[in-house]
Amino acid sequence: MSVILQVDFPYQGPWGEEMTAAMNDLAESINQEPGFIWKIWTENQQTQMAGGVYLFASEQEAKAYLAKHSARLKAFGVPDVRGEIFAVNTALSQLNQAQFIAK
């Protein structure tokens, strides 16, 4: 069953196009994670928060990625990483135009 992983953390930039340039290699590496299907990157310059919403093929794979990503962020000096995993109600999600593209 697919799951959503929602992650956010304090972030002081860069933002927008500069963030895109700075995080391109990280984005490419995320594509190689086991069970990864897609990610929506999130950023809020006003609240100094960033993160993402991910779709993984299983809860186990989402948990493994969350542990890896949290450790990486903490190594970069991010003290507070919040991550939540949610089951996906596929039928209702598809009713609202969600597309699930498996690798």
J.: Check A87 against M1 and note the closest heavy-atom contact, atom names and distance.
T.: CB-SD, 3.8 Å
J.: Side chains of E43 and Y11: does their closest heavy-atom pair fall under 4.5 Å?
T.: no
J.: Check whether more than 12 heavy atoms from other residues, nucleotides or ligands sit under 6.0 Å from atom NZ of K63, and answer yes or no.
T.: no
J.: Who are the side chain to side chain contact (heavy atoms under 4.5 Å, CB included) partners of L66, not counting sequence neighbours?
T.: L5, V7, S70
J.: Looking at every non-hydrogen atom in both residues, tell me the closest pair between A27 and W41 and how far apart they are.
T.: CB-CZ2, 3.7 Å
J.: For the atom pair CD1 (I85) and CD1 (I4), what is the distance rounded to the nearest 0.5 Å?
T.: 11.0 Å
J.: Within this structure, what is the CD1-CD distance for the pair I37 and Q99, rounded to the nearest 0.5 Å?
T.: 13.0 Å
J.: Checking side-chain contact (heavy atoms from CB on, under 4.5 Å) for the pair Y65/F36: CA distance, chi angles, key distance, verdict?
T.: CA-CA 9 Å; Y65 179 76; F36 173 79; over 6 Å; no
J.: For R72, look at atom CZ and say whether over 12 heavy atoms of other residues, nucleotides or ligands are found less than 6.0 Å away.
T.: yes
J.: Are the side chains of E33 and Y54 in touch, meaning some heavy atoms are under 4.5 Å apart?
T.: no
J.: Could you tell me which non-hydrogen atom of W15 sits nearest to which non-hydrogen atom of M49, and how far apart they are?
T.: CZ3-O, 3.7 Å
J.: Within a radius of less than 6.0 Å around CD of Q48, do more than 12 heavy atoms belonging to other residues, nucleotides or ligands occur?
T.: yes
J.: Determine yes or no for a side-chain-to-main-chain donor-acceptor pair under 3.5 angstrom, with T42 supplying the side chain and A50 the backbone.
T.: no
J.: Starting at CG of N24, measure out to CE of M19 and round the result to the nearest 0.5 Å.
T.: 12.0 Å
J.: Quick one: CG on L26 to CG on N31, what's the gap to the nearest 0.5 Å?
T.: 10.0 Å
J.: Search all heavy atoms of V78 against all heavy atoms of F9 and return the closest pair with its distance.
T.: CG1-CB, 3.7 Å
J.: What residues, two or more places apart in sequence or in another chain, satisfy side chain to side chain contact (heavy atoms under 4.5 Å, CB included) together with Q94?
T.: T90, F100
J.: Mind listing the closest non-hydrogen atom pair of A62 and V3 along with its distance?
T.: CB-CG2, 3.7 Å
